[in-house]
Amino acid sequence: MTERPRYDADDGMTARTRRQVRMTEPVERDPYRGRSPRKIPAYSSFEASRYLRIPENTVRNWAFGYAQRTGPGRTMRSRPLLKAADTQRHLLSFVNLVELHMISALRRDHNVQMPKIRRAIDYLEAKLRSPHPLIDEEMETDGTDIFINKYGSLINASRDGQLAMKALLQAHLKRIERDERGVAVRLFPFTRKRDADTIVEAPKLIAIDPAVAFGRPVIVGSRVPTSEIAQRFQAGESPSEVAQDFGRTEEEVWEAIRCEFPTAA
DNA sequence: CGCGTCACGCTAATTAATGT
DNA sequence: ACATTAATTAGCGTGACGCG
């Protein structure tokens with residue numbers, strides 16, 4: 001009923017091809033010409049939530065802000081935690097995905113409260129002069145120390161807690177691959193339930209690379225999208241068969257399936 | 001057409017922080 | 001201690017497609 005921004009109704013495309021067009025159309029149609037594929041609004045909240053294992057509503061709240069009733073006739077509106085690539089159409093870029101990955105480290109894995117995350121991001125933004133400070137290269141070198149020194153005591157009073165948080169941040173940063181200029185170009189999302197013990201050595205079998213398969217998650221070192229695998233599996237093929245077909249290991253196939261069906265064991 | 005999937009806005013339950 | 005606010009998350013309704 002409400003007219004919200006949608007894709008053209010009659011472009012005659014499936015959801016999937018439309019998704020691919022989101023990645024490619026900027027080149028031929030204009031608005032994003034010259035923009036790196038990392039910044040193109042290519043992911044819906046739904047996709048981001050699946051790939052990053054963050055509930056969909058949470059993704060929306062973080063990326064676009066949210067409104068909440070605080071009393072009769074009173075609402076409060078929260079500020080987004082990041083600069084989404086397309087706030088109009090609620091679409092996220094690869095860069096945004098990586099940011100969500102980092103925010104999730106703080107909020108969900110380390111239980112840092114939202115206002116503190118906001119303050120930290122604002123501070124880092126000014127300090128590192130980066131619009132996306134959490135995933136800036138400097139974050140990996142000096143950033144975490146700046147972060148912990150400035151906010152460590154605020155966020156976690158104990159020294160051990162601060163060390164743990166640094167380790168956690170580093171573990172998340174380790175899953176971001178950078179090019180020689182230090183720009184984040186590939187993300188290895190967590191594909192299984194994670195806790196403090198498993199987080200460091202969680203395998204990197206699935207990758208999201210905006211330059212491969214239109215940014216859909218693929219099995220590392222291949223161009224096989226996880227969705228492809230998941231479809232076969234859903235159609236009744238056994239993981240070992242699928243693995244055989246694509247020339248991948250069975251473990252990789254299971255990871256791909258986990259990536260697409262977060263609820264599955 | 002009917003069913004399934006997704007997008008999106010909304011409410012409400014729940015839980016954690018904060019204020020007084 | 002008790003009330004209020006903030007944040008997260010499930011779940012519902014609607015509308016739009018896609019696919020058979």
Side-chain angles (χ1 to χ4, degrees), chain A residues 1-23 25 40-82 84-93 96-97 99-122 134 151 153-158 161 165 190 193-195 214-217 225-236 257 259-264:
Chain A
M1 196 57 243
T2 53
E3 31 145 350
R4 44 185 136 80
R6 305 211 108 264
Y7 317 121
D8 292 340
D10 55 354
D11 58 6
M13 292 176 194
T14 66
R16 182 149 292 161
T17 50
R18 187 175 293 131
R19 202 183 125 40
Q20 295 179 2
V21 166
R22 275 187 239 147
M23 290 300 276
E25 89 185 321
I40 291 174
Y43 305 90
S44 67
S45 307
F46 176 78
E47 287 167 305
S49 84
R50 261 214 317 220
Y51 302 156
L52 300 173
R53 309 184 85 78
I54 302 169
E56 190 184 349
N57 277 349
T58 306
V59 169
R60 279 212 291 260
N61 290 346
W62 289 356
F64 307 106
Y66 63 94
Q68 185 172 214
R69 264 219 142 58
T70 52
R74 272 245 159 287
T75 57
M76 76 120 213
R77 189 150 192 97
S78 82
R79 190 156 57 92
L81 288 160
L82 47 85
D86 188 337
T87 49
Q88 294 262 300
R89 293 193 298 167
H90 274 210
L91 293 173
L92 298 164
S93 66
N96 296 148
L97 238 55
E99 286 177 297
L100 288 170
H101 163 83
M102 289 306 294
I103 293 168
S104 150
L106 291 167
R107 183 74 264 257
R108 290 165 65 83
D109 295 332
H110 218 273
N111 264 311
V112 182
Q113 297 112 306
M114 215 37 143
K116 293 175 181 173
I117 295 181
R118 284 179 200 288
R119 284 177 59 184
I121 292 177
D122 288 345
L134 283 180
Y151 286 98
S153 56
L154 181 71
I155 286 165
N156 196 326
S158 82
M165 183 155 67
F190 289 105
K193 208 164 176 213
R194 54 189 193 268
D195 52 59
F214 306 103
R216 286 140 78 205
T226 54
S227 55
E228 203 85 5
I229 305 264
Q231 263 173 19
R232 302 274 195 118
F233 178 69
Q234 210 162 22
I257 292 167
C259 182
E260 291 291 319
F261 305 112
T263 47

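Each chain gets a letter, A, B and so on, in the order the sequences are listed, and its residues count up from 1.
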Trainee: To the nearest angstrom, how far is A:Asn61 atom CG from B:dT15 atom P?
Mentor: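 The answer, rounded to whole Å, is 18 Å.
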Trainee: Counting heavy atoms from C-beta on, name the nucleotide in B:dC8, C:dA10, C:dT8 closest to the side chain of A:His90.
Mentor: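 That would be B:dC8.
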Trainee: Spell out, as yes or no, whether a donor-acceptor pair under 3.5 Å connects the side chain of A:Arg79 to the backbone of A:Arg118.
Mentor: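 No, the answer is negative, given that no donor and acceptor are paired below the 3.5 Å cut-off.
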Trainee: For A:Met114 and B:dT15, give me the distance from atom CE to atom P, rounded to whole Å.
Mentor: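 Taking CE of A:Met114 and P of B:dT15, I get 19 Å after rounding.
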Trainee: Would you kindly give the CG-to-C1' distance between A:Leu91 and B:dC8, to the nearest whole Å?
Mentor: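 After rounding, the gap between these two atoms is 12 Å.
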Trainee: What is the separation between atom CD on A:Gln88 and atom C1' on B:dA7, rounded to the nearest whole Å?
Mentor: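 To the nearest whole Å, that distance equals 16 Å.
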Trainee: B:dC8, C:dT9, B:dC6: which one has an atom nearest the side-chain heavy atoms of A:Phe46?
Mentor: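 For A:Phe46, the side-chain atoms sit closest to B:dC6.
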Trainee: Would you compute the distance between atom CZ of A:Phe64 and atom CG of A:Leu92 and round it to the nearest 0.5 angstrom?
Mentor: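 A:Phe64 CZ to A:Leu92 CG: 4.0 Å, rounded to 0.5 Å.
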Trainee: Any side-chain N or O of A:Thr58 under 4.0 Å from OP1/OP2 of C:dT9?
Mentor: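 Checking A:Thr58 against C:dT9: at least one side-chain N or O falls below 4.0 Å of OP1 or OP2.
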Trainee: If you compare every side-chain N and O of A:Trp62 against the phosphate oxygens of C:dT8 (OP1, OP2), does one of them come in below 4.0 Å?
Mentor: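 Yes, such a contact exists.
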Trainee: What distance do A:Ile103 atom CD1 and A:Ile54 atom CD1 have between them, rounded to the nearest 0.5 Å?
Mentor: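 Going from CD1 on A:Ile103 over to CD1 on A:Ile54, the span is 8.0 Å.
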Trainee: Is any side-chain N or O of A:Arg107 closer than 4.0 Å to OP1 or OP2 of C:dA7?
Mentor: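 For A:Arg107, the contact criterion (side-chain N or O under 4.0 Å from OP1 or OP2 of C:dA7) is not met.
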Trainee: How many Å lie between CD on A:Glu56 and C1' on C:dA10, as a whole number?
Mentor: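 A:Glu56 atom CD is separated from C:dA10 atom C1' by 12 Å.
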Trainee: Are A:Trp62 and A:Leu100 packed together at the side-chain level, in the sense that at least one heavy-atom pair is separated by less than 4.5 angstrom?
Mentor: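 Of all side-chain heavy-atom pairs linking A:Leu100 with A:Trp62, at least one is under 4.5 Å.
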Trainee: Hey, what do you get for CD (A:Glu56) to CD (A:Glu47), rounding to the nearest 0.5 Å?
Mentor: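 Taking CD in A:Glu56 and CD in A:Glu47, the distance rounds to 10.0 Å.
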Trainee: Remember a base hit wins even if backbone is also touched, and classify A:Arg60 as base, sugar-phosphate or nothing at under 4.0 Å, heavy atoms.
Mentor: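 If one applies the 4.0 Å heavy-atom cut-off, A:Arg60 turns out to touch a base.
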Trainee: Figure out the CD/P separation between A:Glu47 and B:dC8, and round it to whole Å.
Mentor: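 Checked: the CD to P distance equals 11 Å.
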Trainee: Given atom CZ of A:Phe64 and atom C1' of C:dA7, what is their separation to the nearest angstrom?
Mentor: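 That distance rounds to 18 Å.
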Trainee: Go through the N and O atoms of the side chain of A:Asn57 and the base of B:dG9, and report whether any donor-acceptor pair is under 3.5 Å.
Mentor: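 Looking at the base of B:dG9, it does not pair with any donor or acceptor on the side chain of A:Asn57 (distance under 3.5 Å).
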Trainee: How long is the line joining OH of A:Tyr66 and P of C:dT9, in whole Å?
Mentor: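 Interatomic distance, OH of A:Tyr66 to P of C:dT9: 11 Å.
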